[in-house]
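Beneath this line is the structure, given in structure tokens, with notes to follow.
Proteins get letters first, then strands, A, B, ... in listed order; numbering begins at 1 in each.
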There are 2 protein chains.
Amino acid sequence: MSLEDSEFEYFCSLLEENTFKKKEYLLQSGQLCNHHYFIIECLVRTFYFDDSGTEKIVQFGIENWWVTNMDSFIKQKPSSVNIQALEPTTTLSIRKDILDSTYDKLPKIERLFRIITENWLIAQQRNSHFYMKASSKDRYFGLIKSIPNFTQRVPQYMIASYLDITPEYLSELRKTH
Amino acid sequence: MSLEDSEFEYFCSLLEENTFKKKEYLLQSGQLCNHHYFIIECLVRTFYFDDSGTEKIVQFGIENWWVTNMDSFIKQKPSSVNIQALEPTTTLSIRKDILDSTYDKLPKIERLFRIITENWLIAQQRNSHFYMKASSKDRYFGLIKSIPNFTQRVPQYMIASYLDITPEYLSELRKTH
DNA sequence: GAATTTCATTAAGATATCTTAAGAACGAAT
DNA sequence: ATTCGTTCTTAAGATATCTTAATGAAATTC
């Protein structure tokens, strides 16, 4: 499947360009997530606070990925997570209402997003299965291999949060590699 | 979005009904997954063998869920996992080639599967985040609450495999509830 | 229904991971 | 350069989880 030039151009006209400073939020919990972001340049994290007030990172997003809180975006309910830029960020985004009406006008766009969602699901499953079955150590080294310069771009305590281990223990793991 | 009666009827005509005996495979690793199954009645598990030959269960599927190995089905590559009936099973299934050509003929069906995939992704993410952050004990009690009669339907060592803990330790967890 | 196999429990000692607390390294602010 | 705050490391004792092995219970086979 591919778009005609004119279709591609039309689609691009629907996108907004956004910039965020380091530490700025793309989405805060409680808000309705109305944008689907395509990350041009940067690194973002998705996280929430657990009952004891500790930050829990559930996802990192990098260049060339779509990022949103699907649960809030699709079902139009308040987000339970925050999405925050960890680096100065540029994104292209499309609004929920515009996307929905574009589906009606241009079936090819609906197909595009069907395929994007399928690929996202596949990636999510692969990731989830790896996360479920691998040891902390393998998860750590798998993670830093999958994102370029990850250890330079993100403080270690955030990686520990994502892996759901303590920073102290992560420090231990790195030593014995 | 909803289908006209005639569209619904047409779509149904594309489905095959399948039955599987207990322990029979819907899909074996190495095969191409050509079917997307809708489970009418039963419980299936998706699993693989790790390097040391141990079964690792990555997913259970129940009534009214779609089950397939997306990675193999969508990308048409050999499956890395097995899908097996744990109970006598009835499914409706649609073949990959038929589904693809139906997308071209009936955009509403493409929409239907876009939405199914979106919902699947949302469920997968919710599940994955819970799995990543919860304790073994919470994961166990969360799991058995989410599937009716789960402890009666599935041997405990399979639940342990899914949770990635030993059956002995699961036994311990149940005791101290 | 006895024999066999599969599954679940229990317990002891081993390993993985956490908690707490302290010190070291680094960068930002003065 | 000094100070301060943040992040990372180290270590000791605590808790979670695993391994192994034995026993008991349930299901399956003959």
Once you round it to whole Å, what is the distance between P of dT6(C) and OH of Y157(B)? 9 Å
Integer-rounded Å distance: dT17(D) C1' and L163(B) CG: 13 Å
The ring pair (Phe, Tyr, Trp, His ring centres under 6.0 Å) partners of F130(B) (sequence neighbours excluded) come to none
Under 4.0 Å, heavy atoms only, any strand: does S136(B) hit a base, just the sugar-phosphate, or nothing? sugar-phosphate
Return the value, rounded to whole Å, for the distance between atom NZ of K137(B) and atom P of dT17(D). 10 Å
Length of the CG-P vector between L86(A) and dT7(D), whole Å: 12 Å
Contact class for I165(A) vs. all strands (heavy atom < 4.0 Å): base, sugar-phosphate, or nothing? sugar-phosphate
Between P on dA16(C) and CZ on R174(A), what's the gap in Å once rounded to a whole number? 19 Å
Has T166(B) got a side-chain N or O lying under 4.0 Å from the OP1 or OP2 atom of dT17(D)? no
Check whether any side-chain N or O of Q156(A) sits under 4.0 Å from OP1 or OP2 of dT6(D), and answer yes or no. no
Connected via hydrophobic side-chain network under 4.5 Å: Y103(A) and L121(B): yes
Output the rounded distance in Å from CG (L170(B)) to C1' (dT17(D)). 12 Å
Rounded to whole Å, OH of Y169(B) lies from P of dT15(C) at a distance of 18 Å
Taking dC7(C), dT19(C), dT17(D) as options, the one with an atom nearest any side-chain atom of P155(B) is dC7(C)
Are R114(B) and E110(B) ion-paired here, with the side-chain N under 4.0 Å from a carboxylate O? no
Among the candidates dT17(D), dA11(D), dA11(C), find the nucleotide nearest to the side-chain atoms of E168(A). dA11(D)
Please report, rounded to the nearest Å, how far the P atom of dA16(D) is from the NZ atom of K175(B). 14 Å
What is the ring orientation for F47(B) with F49(B), classed by angle as parallel under 30°, tilted 30 to 60°, or perpendicular over 60°? perpendicular
Assess whether a salt bridge exists between D50(B) and K133(A), defined as any Lys/Arg side-chain N lying under 4.0 Å from an Asp/Glu carboxylate O. no
5'-most contact on DNA chain D (nearest-nucleotide basis), K22(B) vs R139(B), goes to R139(B)
